Engineer: 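Okay, handing you the structure first.
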Amino acid sequence: MSLAATLQELKDSTAARIANASTLDELEAIRVETVGRKGVLAGAGKDMAKVAKEDRAAMGQLLNAVKSAIESALEERTNAFQAAALEARLDAEWMDLTAPAPGVQPGALHPVTQVQRYLEEVFTSMGFTVLSGPEVETEFHNFDALNIPPSHPARDMQDTFWLEGGHLLRTHTSPVQVRGMKRLGAPLRMIAPGRVFRNEEVDPSHEHTFYQLEGMMVDREVSIAHMLYFMKTLLKEIFQREVAVRLRPGYFPFVEPGFELDIQCLLCGGAGCPVCKYTGWVELLPCGLVHPNVLRAGGIDPGQWNGFAFGLGLTRLAMMRYGIDDIRLLQAGDLRFLNQFR
Ligand code: DAH
């Protein structure tokens, strides 16, 4: 076969291969084989010497024409592949900028916090200041200053998490009474909501960590009638209706006299049910008139001033308010539970 015929055939067969190629790699292989530095055309160039002198110019032109025909076919096909790849990518990565953003769920207050905030409003409207104290307390503030000296059996009433150096996790919010008296003096109206800790076995009605709201009022000639007035107002605001209460004697070293204030069971109206253990009453609010020793520990003269104090179980109250029957749910952090209170 003449060189001219060979070139013509190379041009045709290469054009067919390029048209059939399906990947960029295939095109590259064809390029190397045909127009590459060591390719067929380069070899043909070397054969020029054998061509008759008078035919060389025409043969050279033919060679160049074949070369550029192959090169432009390769380029055209390469461009087509790249355009298709870009098209596929644009299709795959398409996004709708006008679509609404996925909903962002804002945070919400824990049910105990909701009850706490509500009571803070009720009490500030009656002239009470909201105070907080440390959760890691001194033995002095948690016990001694509240008329519970080291040998006192009442220390065993609260199972305490002891820390090093005379510190402990406060077992109640009552130590904030002492801090409040020292800081603000008399007359005084304060509440102290907060977290408390007891070394308890956890079950549906016991937690090692729970919330209380302490209250204290110190003034001149404060009586049990004053105390009852504030307690009834508090309960009316909480339950949004008049609630029947009864006072029973209760022992707490930091009050004298001390009481357990019970409310008539809201579920059965006093008839008796499982919630009130068939007594018709639910224990809710321990309280009493502040013991003179406690006033003294707070730097207040019991000859001039007296007062009442109470310790409300905030966790307990939130459970009653929302009908929660397992205290462990409150601290479990389970969103299925918490989302019910948003
Ligand atoms: N601190 C007590 C407790 O956690 C509750 C208490 C009782 C607080 C009587 C008071 C009070 O202020 O007067 O068991």
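Read the numbers this way: they start at 1 and go in the same order the structure lists the ligands and their atoms. This is a predicted model, so every value here is computed, not measured.
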Engineer: Can you tell me which residue and heavy atom of the protein come closest to atom 5 (C) of ligand 1, and the distance to 0.1 Å?
Structural biologist: Pro286 CG, 3.8 Å

Engineer: To which protein heavy atom is atom 12 (O) of ligand 1 closest, and what is the distance rounded to 0.1 Å?
Structural biologist: Glu214 OE2, 2.7 Å

Engineer: Say whether Gly288 and ligand 1 are in contact under the criterion: heavy-atom distance to a ligand atom below 4.0 Å.
Structural biologist: yes

Engineer: Measuring from atom CG of Asp159 to atom NE2 of His208, what distance do you get when rounded to the nearest 0.5 angstrom?
Structural biologist: 13.5 Å

Engineer: Show the atoms of ligand 1 that are less than 4.0 angstrom away from any heavy atom in Ser174.
Structural biologist: 1 (N), 8 (C)

Engineer: Out of Phe308, Phe254, Phe210, whose heavy atom is nearest to atom 6 (C) of ligand 1?
Structural biologist: Phe254

Engineer: Kindly give the heavy-atom pair with the smallest separation between Val282 and Cys276, and that separation in Å.
Structural biologist: CG2-CB, 4.0 Å

Engineer: Would you say ligand 1 has an N or O under 3.5 Å from any N or O of Thr171?
Structural biologist: no

Engineer: Out of all atoms in ligand 1, which are within 4.0 Å of some heavy atom of Gln177? Include the element for each.
Structural biologist: 12 (O)

Engineer: Could you list the atoms of ligand 1 found under 4.0 angstrom from a heavy atom of Ala309?
Structural biologist: 12 (O), 13 (O)

Engineer: Inspect the contact between Arg31 and Glu75 and indicate whether a charged nitrogen and a carboxylate oxygen are less than 4.0 angstrom apart.
Structural biologist: no

Engineer: Kindly assign one of parallel, tilted or perpendicular to the pair Phe230 and Phe308, based on the angle between their ring planes and the thresholds 30° and 60°.
Structural biologist: tilted

Engineer: Give the atom numbers and elements of ligand 1 that come within less than 4.0 Å of a heavy atom of Arg198.
Structural biologist: 3 (C), 4 (O), 14 (O)

Engineer: Is it true that Glu137 and Arg179 have a side-chain N and a carboxylate O under 4.0 angstrom from each other?
Structural biologist: yes

Engineer: Distance check, rounded to the nearest 0.5 Å: Leu330 atom CG versus Tyr322 atom OH?
Structural biologist: 11.0 Å

Engineer: Just how far is it from atom OG of Ser174 to atom CD1 of Ile148, taken to the nearest 0.5 Å?
Structural biologist: 8.0 Å

Engineer: Just jot down the ligand 1 atoms closer than 4.0 angstrom to any heavy atom of Gln212, in number order.
Structural biologist: 3 (C), 4 (O)

